[in-house]
Number of protein chains: 2
Amino acid sequence: MPTPSTPRSDRSSSSTTKEKILDAAEELFSELGYDATSLRAVTKTAGVNLAAVNYHCGSKLGLFRAIFERRIGPLNRERLAALERARERVGEGKVIPLGEVLRAFFEAPVRMAAREDPGFRRFLRIAGRMQSASGDHANALVPVFAEVREHFHAALRAALPHLDDRDFSWRLHLLIGAMCTLFADPQRIAILSQGHCDPENPDEVLAQLIAFGKGALGAPSKEPLDEDGAAEGPA
Amino acid sequence: MPTPSTPRSDRSSSSTTKEKILDAAEELFSELGYDATSLRAVTKTAGVNLAAVNYHCGSKLGLFRAIFERRIGPLNRERLAALERARERVGEGKVIPLGEVLRAFFEAPVRMAAREDPGFRRFLRIAGRMQSASGDHANALVPVFAEVREHFHAALRAALPHLDDRDFSWRLHLLIGAMCTLFADPQRIAILSQGHCDPENPDEVLAQLIAFGKGALGAPSKEPLDEDGAAEGPA
DNA sequence: GGATAATTCAAACGTATGATTGAAACGGGC
DNA sequence: GCCCGTTTCAATCATACGTTTGAATTATCC
């Protein structure tokens, strides 16, 4: 029963074995997926012994969970804090405007991915892929997003009184799917848009996500009866 | 070099070996993913010999491609036909309204998945997952969607003159991501919405996708300068 | 109905995987 | 300076994988 209380007193020389493993696994999982990544490839990339991952994480599934344990806390905290700031800004009982809620929802992951640490970007890619994955490793982290989801669900619901429950659920689900697709492979849009879009620019990504989300969530509830479905967007 | 010219004269008793393989593979790939599905599981489910898949499809990757070869033709044809019908409806040089283009884009997969054949639903699930997958099997079918994508790209572009190229590319990419997430796991929204949403009802799915897409794509190009991001959706 | 091609089958091949072992090396506390 | 808990390491286990083989079986054509 190894319960590493104080892993190392001196970690000046690079990093812990476990951190090296997590970094390597993050990289490989994000590029190859869970199944296609072998522990041998992980330990080789990390420059550690094969048995180290079982020692530090217990199993391959434990390694996957450990990746999330390292990153999900800061991300969730930042998201909820941003929502709280928005709530304080508008006042106690007031409804937070849609754009503000969406900004609070998108800003943390976008900004954190843009900061120098490439590990977080890779983590986001893994997380985005889990939206449409199955298996133990995917099921293991359903609860991990539950709290954030509930808070933003409530805030968005309040900002969208014109929608009934069904419309609201549909749109929120689709919007999260759009976000996850973006996170799952940011480079794809750079290629498909032939360079028009720059997924490396956090301001651009954020602005686009918010504009997209506002339009999608804020669209009218029931289709107006006129048949021509021309864009009613531009004021 | 087996080149099965006429596979079978009598196929009254159930189906061909290859069809049994494709059906089983479709089921397992859609539930477990490509890597987690073994040929042994496929052949066992299909009730055929293990070597049959290599005989009929060449390899596991060939099996994956064969699944797409069977389904993608009818889907693409139906989508392009729907777009063509919409084009004829509005007249030669006219711009097809956004809602019509979106309907042509979404209707075929939604309707085809709703018809009795459960195989197509599974195929859609596989296809949706490929949006955020990597590896040979995912790369193998990039060109498979190219033609449809180009046609709808052009039609949507014409319907959205108020957007610049960058905004347009962002929104289209995000919209396709939202759709793929839905196809990749239709049951998820039924669970997360606590039964409010019924992904089995094609009319509901179609209406929601179109409403979502119209709002998302049709949203104003540049953020209005007023700071409160209240929903401008409801007229 | 016999030759010929197409298909099915059981068995095996070589390799890769996740996990485990037990001994060796390391580290801090006294 | 020795002891003990922690960590590393090479070696190995059992299993699962995709693929291949060659013989047996079945369908097709003349």
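In what follows, every chain begins at residue 1, and chains take the letters A, B, ... in the order their sequences are listed.
Around CG of B:Asp203, the count of heavy atoms belonging to other residues, nucleotides or ligands within 6.0 Å exceeds 12. The neighbour count for A:His151 NE2, taken as heavy atoms of other residues, nucleotides or ligands under 6.0 Å away, does not exceed 12.
Listed pair A:His56 / D:dT6 fails the phosphate criterion, with no side-chain N or O lying under 4.0 Å from OP1 or OP2. The phosphate of D:dC17 has OP1 or OP2 within less than 4.0 Å of a side-chain N or O from B:Ser38. Between A:Thr17 and the phosphate of D:dT8, there is a side-chain N or O to OP1/OP2 separation shorter than 4.0 Å.
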Task: Nucleotide pairing, DNA chain D (Watson-Crick or G-U, distances under 3.5 Å), in dot-bracket with [ ] and | - done: |..|||||||||||||||||||||||||||
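Considering only side-chain atoms of A:Tyr55, the nucleotide from D:dG18, D:dT8, C:dA19 that sits closest is D:dT8.
The aromatic rings of A:Tyr34 and A:Phe64 sit perpendicular, their planes meeting at an angle over 60°, well past the 30° parallel limit.
D:dG18 atom P lies 11 Å from atom CG of A:Asp35, rounded to whole Å.
Under the salt bridge (Lys or Arg N to Asp or Glu O under 4.0 Å) criterion, B:Arg79 pairs with no residue, sequence neighbours left out.
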- [ ] I would like to know whether B:Glu31 and B:Arg129 meet salt bridge (charged side-chain N to carboxylate O under 4.0 Å, His left out); could you show each step before the answer?
- [x] CA-CA 11 Å; B:Glu31 287 174 7; B:Arg129 280 195 182 176; over 6 Å; no
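A heavy atom lying under 4.0 Å from DNA chain D marks the following residues of residues 41-53 of chain A, by number: A:Asn49, A:Ala51.
Atoms NZ and SG, on B:Lys18 and B:Cys57 in that order, are 5.0 Å from each other to the nearest 0.5 Å.
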